[in-house]
Amino acid sequence: MKILVTGGAGFIGSNFVYYLLKNHLEDTVVCLDDLTYAGNLSTLKEALENDRFTFVKGNIADRDLVDSLFDRERPDVVVNFAAESHVDRSILDPGLFLTTNVMGTQVMMDACRRYKTGRFHQVSTDEVYGDLPLDRPDLFFTEQTPIHASSPYSASKASADLLAGAYHRTYGLPVTISRCSNNYGPFHFPEKLIPLIITRALADETIPVYGTGENVRDWLYVEDHCSAIDLIIRKGTPGEVYNIGGHNERTNIDVVKTVLAELGKPESLITYVTDRPGHDMRYAIDPAKIGRELGWQPTTRFEEGIAKTVRWYLEHREWWEEIISGEYRNYYEKMYASR
Ligand code: NAD
Ligand code: TDX
């Protein structure tokens, strides 16, 4: 198969590219990525040396570019990772989230319709379900949970999901959607909580914890997310939504303490700062459907995944030091100075 991966120079997309190249020697992979602040060609260095991999720089919302790419490549499957992905940035500036996450998804699906692509897979998120209360640990998000977005980011992802569902029903486009919990692992951009803790703690800088640190996230090692998407594009049923998660709920403060302990850094680095507006309290995925129907199971326990991730950041300093020495400094100053 020829698989077109959008957003493949970002965190999860790049891990998925490497997953495909390693596990499916019969497949070829084309990556479409606009190399925004979150996309990094150095992330794809090893893939670029593989003759089963092609990189194309371009915006998923650019209709002419996407059409000519489909004309040339005729992919069998499209996996759409490309998105603006950071909640805090969506609060500062929502517009780009609508252009990329909603309009970009539409452009990709229109191309799939025109070229009769065998599958369009939309990589979505558990954030489309809103949040759960802390005092009801018995509640989980299932595929039937109503959409209830809290941030401009999650509203844009929810809009794309609704559009994808409509393209399936109206035009018969073979769409699948996956909604995964928080990922962590190699190539995670340092604006997100876990790599932010690692990169700042290594420099003995303070770790900003929003609000009380009691918010709960459900963490999944990125390779487990990749194996789930791989199963869905090969065995999943068009028109279906699949939740992905590994029952790994942790409060933010627990995550911070676990990572600091792994690094041998003191908890005195923790600094409580002003909360994120509209901050979701708890995410918790019920992954029973993908386990039952496709036989997917996560393989990496949280403590093991954190140890692997910390080791990766220690061994790949050049990757993240390059990022945090550039424009990222201005971002950090703008986002955290007045907190
Ligand atoms: P990321 O921000 O690390 O990477 C996004 C990639 O998309 C970058 O390479 C960027 O250059 C590219 N991109 C952005 N706008 C583009 C455009 N208009 N055209 C082409 N390329 C563009 O994001 P991520 O964390 O890897 O997330 C990937 C996908 O997975 C997103 O759709 C996100 O909503 C979803 N998701 C993420 C998580 C998570 O924990 N990170 C969890 C569930 C779902
Ligand atoms: O400096 C910080 N301090 C802090 O306390 C940052 C960056 C985050 N946090 C908190 C906010 C969240 O409760 O940590 C938690 C995790 O924050 P993020 O890493 O920003 O992730 P989150 O908002 O949960 O969203 C992530 O998971 C779902 C991804 O960024 C999304 O793309 C994905 O859809």
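Note that the structure is a prediction, hence the values are computed from the model and not measured. In this chain, residues are counted from 1 in sequence order. Start at 1 and go down the list; that is how both ligands and their atoms are numbered.
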* Asked: How far is atom 5 (O) of ligand 2 from its nearest protein heavy atom, and which residue and atom name does that atom have?
  -> Tyr210 N, 2.8 Å
* Asked: Does Lys157 have a non-hydrogen atom less than 4.0 Å from ligand 2?
  -> no
* Structure fact -> Gly58 heavy atoms within 4.0 Å reach ligand 1 at atoms 19 (N), 20 (C)
* **Closest approach of any protein heavy atom to atom 40 (O) of ligand 1, naming residue and atom** => Asn183 N, 2.9 Å
* In terms of atom number and element, which parts of ligand 1 are under 4.0 angstrom from non-hydrogen atoms of Asn182? -> 40 (O)
* Structure fact -> Among non-hydrogen protein atoms, atom 8 (C) of ligand 1 lies closest to Asp33 OD2, 3.6 Å
* At a 4.0 Å cut-off, with the gap strictly under it, does some heavy atom of Phe81 reach an atom of ligand 1? -> yes
* Asked: Which atoms of ligand 1 are found less than 4.0 Å from any heavy atom of Ser124?
  -> 43 (C), 44 (C)
* Any idea which protein heavy atom is nearest atom 25 (O) of ligand 2, and the distance to it? -> Glu127 OE2, 2.7 Å
* For Pro208 and ligand 2, does the shortest N/O to N/O distance drop below 3.5 Å? -> yes
* To do: Give the single entry among Thr251, Asn183, Thr212, Leu193 that approaches atom 16 (C) of ligand 2 most closely by any heavy atom.
  => Leu193
* What do you reckon, are the aromatic ring centroids of Tyr242 and Trp296 less than 6.0 Å apart? -> no
* Within less than 4.0 angstrom of ligand 1, does Cys180 place any heavy atom? -> yes
* Asked: Is any side-chain heavy atom of Ile244 less than 4.5 Å from a side-chain heavy atom of Ile285?
  -> no
* Asked: Under 4.0 Å from any heavy atom of Ala9, which atoms of ligand 1 are there?
  -> 9 (O)
* Asked: Is the closest heavy atom of Tyr37 to ligand 1 under 4.0 Å?
  -> no
* Pick, from Arg250, His86, Lys192, the option with the minimum heavy-atom distance to atom 30 (O) of ligand 2. => Lys192
* Minimum-distance protein heavy atom relative to atom 33 (C) of ligand 2 -> Tyr153 OH, 3.5 Å
* Asked: Identify the closest protein heavy atom to atom 5 (C) of ligand 1: which residue and atom is it, and at what distance?
  -> Ala83 O, 3.5 Å
* Structure fact -> If you compare Glu191, Arg276, Arg217 by their heavy atoms, the one closest to atom 18 (P) of ligand 2 turns out to be Arg276
* **atom 29 (C) of ligand 2 [closest protein heavy-atom partner, distance rounded to 0.1 Å]** => Ser85 O, 4.0 Å
* **Gly8 touching ligand 1 at heavy-atom level, < 4.0 angstrom** => no
